[in-house]
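Computed from a prediction, not measured in an experiment: that's the story for all the values here.
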Amino acid sequence: MSGKNWLLHTPRFPDNLSWSILELKNLFDKQREHCEIIDINHKIYKKFFNTQHWENIDNFGVMIRSPIPVFKIIRLILRELRCVKNNHRVLINVFSTESRSWCELICSIIKMHIGCKIYIGGNGVYSPGEGEYESEWANYLLDLKLVDAVFLNQADVTLKQAIQNDFNVSGKIYRHSAKFPSLGFLPKHLVEDPIKDQRVYDSTYIREDIDHPAMQGELLDIEWAPKIHFSLGCVKQCTFCDIPILQNWITRPVDDVISEFRHYVTTTGRRYYFLGDSTINGSTSAWMRLLQGMYKLQQELGPIYWNSQIAVKPANRTSEEEFELMNKTNFHASPGMDHVSDKVLHHMRKKYTWEDVLYYIDMYAKHNVWIRDCLWLVGYPTETEDDFAEYTKLVDRLDNKKHTFVSNIVNVTYINRNSPLLELVDIDWNDPNRWTCDNSTPEVRLQRKRILDDEFARIGKLKYKHKDTYKRALR
């Protein structure tokens, strides 16, 4: 292949290399093609963290606007890209929509000062609610010639083919398959962080007073805790979520997942793992096989602490054996319980009720399964004052009876493209999170978030510090 390949790690706080960047590096290595990582995120941290510019730099990614020190950032980026030549290739993983402003800035700098080819991909290419073959933002970048190609889905196939064809690709590169993507297990040298001691620990969004083993993974972000997937997509069709639109629900064979755990435990010695699944228990039978496999693996290799999102289901579709195995396998749950009002849950298309939520809370407590963090929504379009007031029964439950909640997260409700909620709201896609309807305005949503945040903080069960999450509520 002519020229060199560079993986650019754009700002995506905190200061650590993302697992997806490491997986892409591994893909190049397996093809025996030169590829190096340029960690601009770390350099931005080192240069600007705890300076007068930091809040604006953070806002630039979150709110896509703020007076950042552009010339200082341009000098920093050009210094880090001094090894990149005109005949080289730069690849950028756009981690989320919050990474777009950084991507546009960096692509502009590269095209103006270096002129090499740029290829992008990642979840941030899609706006919430866009389908797997849609991306208005990709079209915008291609029209401006800021990028040369955009990879949509199945990078394990499309990027591999591009490497083999000397990157003779352009435009939007599509690939869809019912087969679970596989980028391979990472070797130990990629998992170990060579500059671990130089990383900047930003505790802005993490409450230091939560001292519990279930939260260890937060700190291990800096140490690149291995990320493992059992499933992709979601079996649910919640009105407020775009995951089913973007990705069909598929699972990996349980044996493959157990083999990946075994690989990282035996090669790296790591004991904490994140599973980026939306509904790890979407198939009850597959979920039970995974729990049983993890139990056998830990009988052999010792404790492995693993965390994932997990769905709430009707109590009559759940067995107590599940909770017993969660405890025996050191599983830390991150459920999205979403709301306490049955009227709101019904409109969200949830199959469960508040009584089912209580069942999960009680079962987690009975079997000592720690709820590492639990997600709740406020400001849903049909949420009335009375519906919101029902959150008092949740706070009372946590305040007065045994439970295993470590922390809670309160999010305001967002409206996605193609959402069935669009018929209920007035929305301007130039500023989509200032949507309004009869029951909700941006101010109402923020006020409800503050109230519930205050209640969780009072009982010591709020995950994030208040002041740092409100700007994200209106991003």
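- Nearest heavy atom pair, residue Asn93 against residue Thr10, reads O-OG1, 4.0 Å.
- Heavy-atom minimum distance, Tyr391 versus Val340: N-CG2, 3.5 Å.
- Using a cutoff of 4.0 Å between basic side-chain nitrogens and carboxylate oxygens, Arg458 and Asp454 are not scored as salt-bridged.
- For the pair Arg448 and Asp387, the salt-bridge criterion is not met [side-chain N within less than 4.0 Å of a carboxylate O].
- Side-chain contact annotation: Glu80 with Trp6, donor-acceptor N/O pair under 3.5 Å absent.
- Lys227 has no carboxylate O lying under 4.0 Å from a charged side-chain N of Glu23, or vice versa, which leaves the two without a salt bridge.
- Here the CG-CD1 distance, from Leu159 to Ile173, works out to 10.5 Å after rounding to the nearest 0.5 Å.
- Aromatic ring pairs are classed by plane angle as parallel below 30°, tilted from 30° to 60° and perpendicular above 60°; the pair Tyr45 and Trp54 is tilted.
- Under the 30°/60° scheme for interplanar angles, the aromatic rings of Trp376 and Phe405 are found to lie parallel.
- Taking the six-membered ring for Trp and the full ring otherwise, the centers of Trp19 and Tyr264 sit less than 6.0 Å from each other.
- For Phe28 and His34, the ring centers sit 6.0 Å or farther from each other.
- Between atom NE2 of residue His9 and atom CZ of residue Phe95 there is a gap of 4.0 Å, rounded to the nearest 0.5 Å.
- Using the six-membered ring where Trp is involved, Phe185 and His263 have ring planes that are tilted, between 30° and 60° apart.
- Ile110 and Cys116 make their closest contact through CG2-SG, 3.6 Å (heavy atoms, listed as atom of the first residue, atom of the second, distance).
- Using the six-membered ring where Trp is involved, His347 and Tyr380 have ring planes that are perpendicular, over 60° apart on the 30 and 60° scheme.
- Annotation: salt bridge (Lys or Arg N to Asp or Glu O under 4.0 Å) contacts of Lys111 (sequence neighbours excluded): Asp148.
- Here Asp438 pairs with nothing under the salt bridge (Lys or Arg N to Asp or Glu O under 4.0 Å) rule; sequence neighbours left out.
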